[in-house]
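Since the structure comes first, as structure tokens, the remarks are kept for the end.
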Amino acid sequence: MTVQGTNSAIRVGASILRDYLVLVMIAALVALTALIEPKFLSPENLTNIMFQFGPLMMVALGTTFVIIGGFIDLSIAGTINLVAVVTISLIQPMGQVPALLTGLATGTVCGALNSVLILSSGALTQAEALFMTFGLSTVYSAIALLYSHGSTMHFWDITASKSIFQAIGSGSLGFLSWSFVIFLISLAALWVFQEMTAEGRAVRLTGGNKTAARLAGVRISRSIVVIYAIGGFMAALGAIVLFSRVTTASPVIGVGYETNAILAVVVGGTTLKGGKGSVLRTVMGVLLVVLMSNCLNLLGVSTYLQVVAEGAILTFAIWLDNRKHM
Amino acid sequence: MDSGGSEVILSIKDVCKSFPGVKALDKVSIDVKRAMVHGIVGENGAGKSTLMKILSGVYEKDSGTVVFDGQQIEHTTPQQSMQRGLAIIYQELNLVNTMSVGENVLLGRFREMKGMRGTHAKARELLDRIGSKIGTTRLVSELSVSEKQMVEIAKALSFESKLIIMDEPSSSLTAEEMCELVKIIQQLKDQGISIIYISHKLDEIFEFCDNVSVMRDGRVIDTKPKSEFTRNELIMQMVGREIENEYPERPQRVGEVLMEVRSINTRKLHDVSFSLHKGEILGFVGLVGAGRTEIVRALFGADRVRGHQVLIEGKPTPILNPRDAIGAGFGFIPEDRKLQGLVLPFSVESNISMASFRKFTRLGFLRKSIEKEIGTRQVKALSVKTPSTKVPVVNLSGGNQQKCIVGRWLEISPSILIMDEPTKGIDVGAKYEIYMLMKDIAERGGAIILISSELPEVLNMSNRVLTVFEGRITGEFDPKVTSADKIMSAALGFDGECS
Amino acid sequence: MNGTGKGATLYKILTKQKALIAILVMLIGMLFSHSNFYSAFNLLQMLSSTSILLILAFGVTLTIIAGGCDLSIGGIMVVAGIVSIKLMNAGMPMGLAIFLAILFGTVVGFVNGFLAVHQKTEPFIITLGIGLLLTGVAQQLTNAHPVPAQNPSFMMIGNGYFHGVPNLVIIMLVLFALTYWLMRYTEFGRNLYAIGGDYEVARYSGIDVIRTKWLAFVISGTMAALAGVLLSSELNTGSAVYGETTALVVNCGVVVGGTSFAGGIGGIPQSALGLLVFGLLGNSMNMLNISSYFQIMLQGAVIVAIIWLDSYAQKRKREAV
Amino acid sequence: MARIRKAVLIGLVLLVVAAFGVSAQAKVKAAFICQNMANESQAFSEKQFMKYGADFGLDMYTFDAKGDSQVESQLVMNCIAQQFKVIFLNPNDINAIVPSLMQAKRAGLIVGMFSSDLSPANQKYRDFYAGSNDVFAGKQAAEAFMKHFPNGAKIVEIGGQAGHDAQIKRHDGFHSVIDSSNIKVIDYKACQQWSTEQAMAIMEDDIVKYGHEIQGVFVHWDNGATGVIQAAKAADLKGLYIIGIDGNRAGYNQVLSGEQAVSISQDFVAMAKKDMELAQKVVKGQQVDPINYIPLNVIDKSTIKNFPVPQW
């Protein structure tokens with residue numbers, strides 16, 4: 001009996017380990033880094049991390065729903081490029097609030113456009129969505145390049161008030177950065193959407209089984225538009241946080257965000273098969289990705305080895321996560 | 001050829017198999033004789049499929065012995081058992097849809113057949129042996145269900161099989177196709193091949209099986225020659241209790257016209273018009289592919305069909321998508337439970353509540369307590385066997401899964417419930433419960449459109465049946481007064497019956 | 001679709017072959033341009049410069065037909081190129097260096113296969129991760145400095161001609177024939193189609209699904225490494241920055257050609273056409289002096305258009321009731 | 001379906017027609033193969049070629065290598081096929097471009113290097129070079145540090161896109177000088193892209209690690225310096241001696257406001273003009289100097305008034 005008891009305890013332990021694998025990895029990473037480089041836990045560094053995960057977090061939160069809904073979005077990079085150059089260029093002529101709103105609208109429209117093309121073609125598989133949004137990303141990037149003539153725009157070109165963007169970029173509310181506050185608000189809103197609204201449930205059902213959902217009267221077309229629009233909106237928010245942080249916007253500012261976002265979502269434990277997942281898991285995934293780069297920087301690991309380590313840890317995390325579904 | 005008759009080709013002794021938490025097989029012993037058709041009956045979950053998978057090498061047994069053709073078999077793979085002469089035709093047809101007939105027949109043996117030409121030649125020869133004229137270069141995805149079955153049989157023959165296991169081959173065959181199958185089984189038997197025939201359908205068991213084994217809860221209850229069984233005895237052994245009737249009485253309160261459908265026209269359907277009365281069960285009889293499913297899908301707005309008219313209580317009601325249909329009072333139980341009906345990894349509760357969002361949302365927000373009530377109510381009302389409403393529906397048995405879908409619609413009390421193959425792959429006990437539900441719905445003033453490939457089911461449950469042949473409605477009958485033969489010939493588009 | 005005989009067949013081919021239509025449109029369109037598009041030099045160069053992508057595509061096609069995909073090819077390509085040059089510069093004979101570089105691709109393919117097939121991890125995401133890892137390896141190996149090759153005969157592999165035809169084109173054609181034969185006329189190839197068409201059925205039919213599918217990844221890795229060696233030979237340099245978007249472009253090209261991402265449908269010729277669309281489009285746009293940003297836009301638009309049309313045709317087929 | 005297909009076809013045909021309407025008759029057909037039009041300094045250079053081409057009797061076309069060495073060598077082939085007389089190019093990789101330049105020379109094209117030159121062994125495959133070279137920019141940066149910190153200092157270096165030609169040369173040039181000085185580079189990291197955000201993140205982490213130890217920062221490009229400045233501001237780290245390269249508006253403004261100490265600028269206008277002038281001479285059969293350095297501008301607080309506001 002005792003042997004069996006220990007066995008089952010081990011089994012329970014192992015399953016917790018697997019379920020919260022990302023947390024375990026984060027803890028290990030934090031412990032290791034703190035041991036070697038005590039400055040890791042300094043308030044300055046914690047502030048750093050808070051600022052650093054802003055843009056990727058926004059983007060990944062949006063991507064979560066696209067993946068829960070059983071689709072994928074590679075157009076994020078293009079959307080970020082476009083939103084960044086459009087928004088920054090409009091601050092001067094339109095004023096900051098209209099520019100902000102136009103930027104968010106642009107992102108949402110890009111997202112909605114993805115879904116419209118996907119729906120109109122009847123492309124209901126992930127692969128079709130993958131390549132279609134890949135093409136659209138190229139198109140959005142090209143529009144951003146055409147719009148900006150390939151040049152970078154800076155804050156000090158803007159004489160009009162840009163206080164909102166400056167606040168988002170580097171301002172703080174108490175000990176929390178504004179970007180962190182925006183993150184908390186978006187997380188709360190998206191969590192409520194995911195857990196408590198009918199549309200959130202519809203998205204999940206769509207991801208679980210499109211045909212069954214449709215035959216039960218779920219409006220899957222609307223769900224698809226909603227997930228891509230959220231994806232686009234959050235990408236726009238990410239773009240705004242991003243260029244506010246660095247105070248400049250170039251038409252290639254979003255390069256790499258789409259794959260990083262998908263990686264973060266999947267590492268967090270949202271499955272690409274659709275139907276399952278959560279924005280909370282995504283938060284953990286992003287935390288791991290951002291912490292990894294922060295830790296490796298502090299440990300003085302070269303950029304090149306960082307990429308190796310990142311790839312290895314992500315591959316390992318995905319592999320382990322997969323083991324638990326087997 | 002060996003003398004046949006008494007010689008044992010397959011001997012299973014004390015085979016056990018456990019899965020985590022379940023004892024799937026408990027000391028199962030069966031002997032199958034050469035050139036005989038051995039029927040195995042049992043409810044779902046009785047262990048039939050597990051046993052077959054052990055024989056074919058998909059699973060490994062925990063203990064016991066299997067002797068096939070004089071050889072004791074320990075570890076085996078699907079490939080090895082096929083080469084030994086033990087072939088299996090699974091319930092879900094086992095063909096690659098994207099490949100040609102010929103390549104499917106000889107799947108995985110391209111080299112052995114010396115290339116594409118050899119493959120097609122050999123496939124032709126095998127198909128000819130069972131008298132099938134299917135072109136070997138056709139894509140499997142273009143074949144009808146019965147044609148696919150023929151391809152499966154040809155595939156089994158390609159290994160010079162001594163024993164062919166057929167796992168519920170008839171579940172998607174129409175009566176005509178069934179005749180074809182019976183003929184082939186007879187032929188195979190004459191060639192000295194033994195057959196294990198797994199089925200729910202007692203008619204078939206009594207029609208052509210020589211010996212019958214009954215399984216229940218992972219055990220073999222009894223094995224006897226068919227002639228020594230009575231129908232009731234068989235059912236009793238399967239279910240473990242006595243069932244007086246297979247079907248309840250028909251609903252009694254047919255009222256005035258509830259719905260009128262005028263001229264559905266698509267590429268497959270031609271001028272389909274009919275009416276439905278309150279309190280009625282209306283059956284559709286026809287072959288798979290005759291257009292039965294297409295009619296109800298068009299009605300429900302599941303397919304893109306335009307130009308027809310639906311009048312509900314005299315009012316024209318446009319239905320462009322399933323949502324409109326639900327709004328107009330329809331419910332729809334699709335033919336494929338797993339692909340079209342359920343979201344398998346999701347909980348029982350959310351599968352039941354899927355169609356009644358309106359009931360538990362306010363201002364776009366879910367009210368989970370109400371959702372839970374809905375789930376609990378339906379689970380109780382339909383006596384769904386599940387430990388909790390939070391369990392993923394995939395863990396339930398087929399019958400209980402089906403009840404979840406029924407519960408989904410009962411919750412919104414539809415005035416018209418469409419049921420496409422509602423009892424496919426469900427065991428006898430659960431079937432009866434579903435029949436009772438149908439009767440109940442009808443008698444409370446609802447109307448049901450029933451589609452089934454099991455003719456007795458349609459004839460015994462419906463107040464009225466419509467026969468469908470090649471996209472047209474070819475007749476309207478009262479099954480109480482018309483003979484089954486007559487209805488069947490209308491559904492087959494010809495007069496006469498199979499020999 | 002109501003036509004008969006040859007007309008119907010032609011119609012069917014046209015509706016199925018979006019990539020072929022796009023190619024024909026471009027070829028016809030270029031007839032009217034006052035450029036030197038239709039010169040043997042240009043056409044051969046175009047083919048030569050698409051060759052490396054084509055070779056990558058042939059390998060990837062195997063994995064996609066088997067129901068997987070391989071996004072690590074970009075990483076394999078750069079590392080293999082760097083490895084071959086580094087070994088050669090360290091004094092190893094050219095043949096051995098190339099062999100070892102290609103062997104490296106085989107090993108990575110083996111690992112990909114282990115993770116994606118044996119361990120049943122989502123191939124899309126796991127090969128993306130492996131690709132990322134390899135990019136880092138390439139940077140680490142070179143300290144992010146391009147490594148020029150010092151052996152002049154190495155350069156001739158990718159830049160030489162054989163009877164007026166670029167070597168790359170000849171190598172590509174040989175590999176085309178080889179992979180075509182493999183997929184069409186061998187049991188391995190047919191089994192890959194079966195596995196992609198229905199994994200479980202293939203398994204029950206006694207096909208060693210794991211080993212066969214695994215082998216597809218190994219071949220894809222090997223071909224990617226070969227392409228990397230050829231690329232490094234063509235440019236006489238190994239560098240970590242090549243092939244950043246290669247993996248997506250190649251996988252996309254394969255799908256544009258008509259090989260289904262769901263598996264089981266498609267083939268080597270389709271993939272070749274799909275990649276040729278990109279090669280031809282780039283070449284034509286340069287010949288027409290279309291400005292850079294419009295080129296980028298047009299390229300994206302063509303991808304969207306072809307995938308859209310393809311999906312739409314499938315939708316129509318699904319909904320034809 | 002048919003209608004859509006027809007529309008696509010008509011669209012493509014129209015595009016083709018429109019395109020060859022544009023192609024005018026050539027004076028001397030010349031092409032500028034741009035490194036990457038999505039990179040703003042390269043896009044700016046391209047504009048200079050287009051703007052001043054006619055002044056030198058050249059009919060200028062431009063092509064975009066999109067930052068890809070293989071595309072770039074394909075473009076050289078393309079130019080051969082299109083029978084260009086002259087090509088100017090700014091290679092993504094000075095070694096990778098050589099095989100295609102061999103072909104260009106064989107086909108008799110005049111090849112002018114822009115901004116970066118081939119290695120001495122390969123210089124026979126080009127006619128001339130005009131530029132200021134990133135190696136020099138790196139050296140200049142090092143010298144500026146040595147001038148400002150005669151008694152030595154601790155600085156960090158933040159590189160541009162790993163593996164990119166400019167990143168390599170700026171890094172190598174910088175180290176060829178700084179390594180023999182008493183200035184210590186305590187940390188070096190390159191970015192994955194020319195990304196201001198990545199430069200900022202690296203700087204933030206460096207500040208946590210080294211804090212006030214850091215006296216100066218060499219960042220490979222002025223837009224990256226923007227990120228470094230933001231990071232320093234956020235950490236309230238004052239008095240950093242920041243040097244960037246480019247001399248674009250970002251660098252100019254940052255020097256003007258005192259946030260950045262030095263911006264080392266390459267004069268792309270002069271570079272482009274010089275390249276085209278040389279080409280014109282070679283076409284006429286005149287002898288030219290193969291190597292033409294365009295002086296770098298070291299913009300700091302004291303010299304900034306001598307420079308016009310940059311246009312990019």
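Worth knowing before you read on, the calculation uses all heavy atoms, side chains too, and leaves out hydrogens, waters and symmetry mates.
Proximity to chain C is limited to the side chain of Ile72(A), based on heavy atoms less than 4.5 angstrom apart. Both the backbone and the side chain of Leu305(A) come within contact range of chain C, each with at least one heavy atom under 4.5 Å from a heavy atom of that chain. In this structure, no portion of Thr125(A) lies under 4.5 Å from any heavy atom of chain C. Only the side chain of Phe134(A) comes within contact range of chain C, judged by heavy atoms closer than 4.5 Å. The contact between Val255(C) and chain A is made entirely by side chain atoms (from C-beta outward), counting heavy-atom distances below 4.5 Å. Within the 4.5 angstrom heavy-atom criterion, no atom of Ser141(A) approaches chain C. Within the 4.5 angstrom heavy-atom criterion, atoms from both the backbone and the side chain of Ile130(C) approach chain A. Using a 4.5 Å cut-off between heavy atoms, Ile303(C) touches chain A through its side chain atoms alone. Interface remark: Leu130(A) contributes side-chain atoms only to the contact with chain C (heavy atom separation under 4.5 Å). In this structure, the portion of Val266(A) lying under 4.5 Å from any heavy atom of chain C is its side chain and not its backbone.
Nearest heavy atom pair, residue Ser311(C) against residue Met132(A), reads OG-CE, 4.3 Å. Of all heavy-atom pairs between Gln140(C) and Ser302(A), the closest is OE1-OG, 3.5 Å. The shortest heavy-atom contact between Thr315(A) and Gly129(C) is OG1-C, 3.5 Å. The two residues Tyr312(C) and Ser120(A) have their closest heavy-atom pair at CD1-O, 3.5 Å.
Paired with Ile125(C) under the rule side chain to side chain contact (heavy atoms under 4.5 Å, CB included), one option of Ile262(A), Thr259(A), Val265(A) passes, and it is Ile262(A).
Contact count versus chain A (heavy atoms, under 4.5 Å) is highest, among Val137(C), Thr135(C), Thr142(C), Asn143(C), for Asn143(C). With chain A as the partner, the residue from Gly75(C), Ala144(C), Gly136(C) showing the most heavy-atom pairs under 4.5 Å is Gly136(C). Interface remark: of the candidates Leu128(C), Leu115(C), Leu132(C), Leu132(C) forms the most heavy-atom pairs closer than 4.5 Å to chain A. Taking chain A as the reference chain and counting heavy-atom pairs below 4.5 Å, the highest number among Ile306(C), Thr127(C), Val304(C) is found for Val304(C). Comparing Leu136(A), Leu145(A), Val139(A) by heavy-atom pairs within less than 4.5 Å of chain C, the highest count is held by Leu145(A).
Residues passing the salt bridge (charged side-chain N to carboxylate O under 4.0 Å, His left out) test with Arg219(A): none are found, sequence neighbours excluded.
Environment of CZ in Phe294(C): sparse, with no more than 12 heavy atoms of neighbouring residues, nucleotides or ligands closer than 6.0 Å.
Between the CD1 atom in Ile143(A) and the CD1 atom in Ile296(C) there is a gap of 12.0 Å [rounded to 0.5 Å]. Taken from CG in Leu141(C) to OH in Tyr304(A), the straight-line distance is 12.0 Å, to the nearest 0.5 Å. One distance of note links CD1 of Ile307(C) with OG of Ser121(A); it measures 9.5 Å at 0.5 Å rounding. Note: Gln126(A) CD to Glu122(C) CD = 6.5 Å, rounded to the nearest 0.5 Å.
There is no side-chain donor-acceptor pair under 3.5 Å between Gln299(C) and Thr138(A).
Against chain C, no residue from residues 287-297 of chain A qualifies, as none has a non-hydrogen atom under 4.5 angstrom away.
Of the possible donor and acceptor atoms, one in the side chain of Trp308(C) sits under 3.5 Å from a partner among the backbone N and O of Leu117(A).
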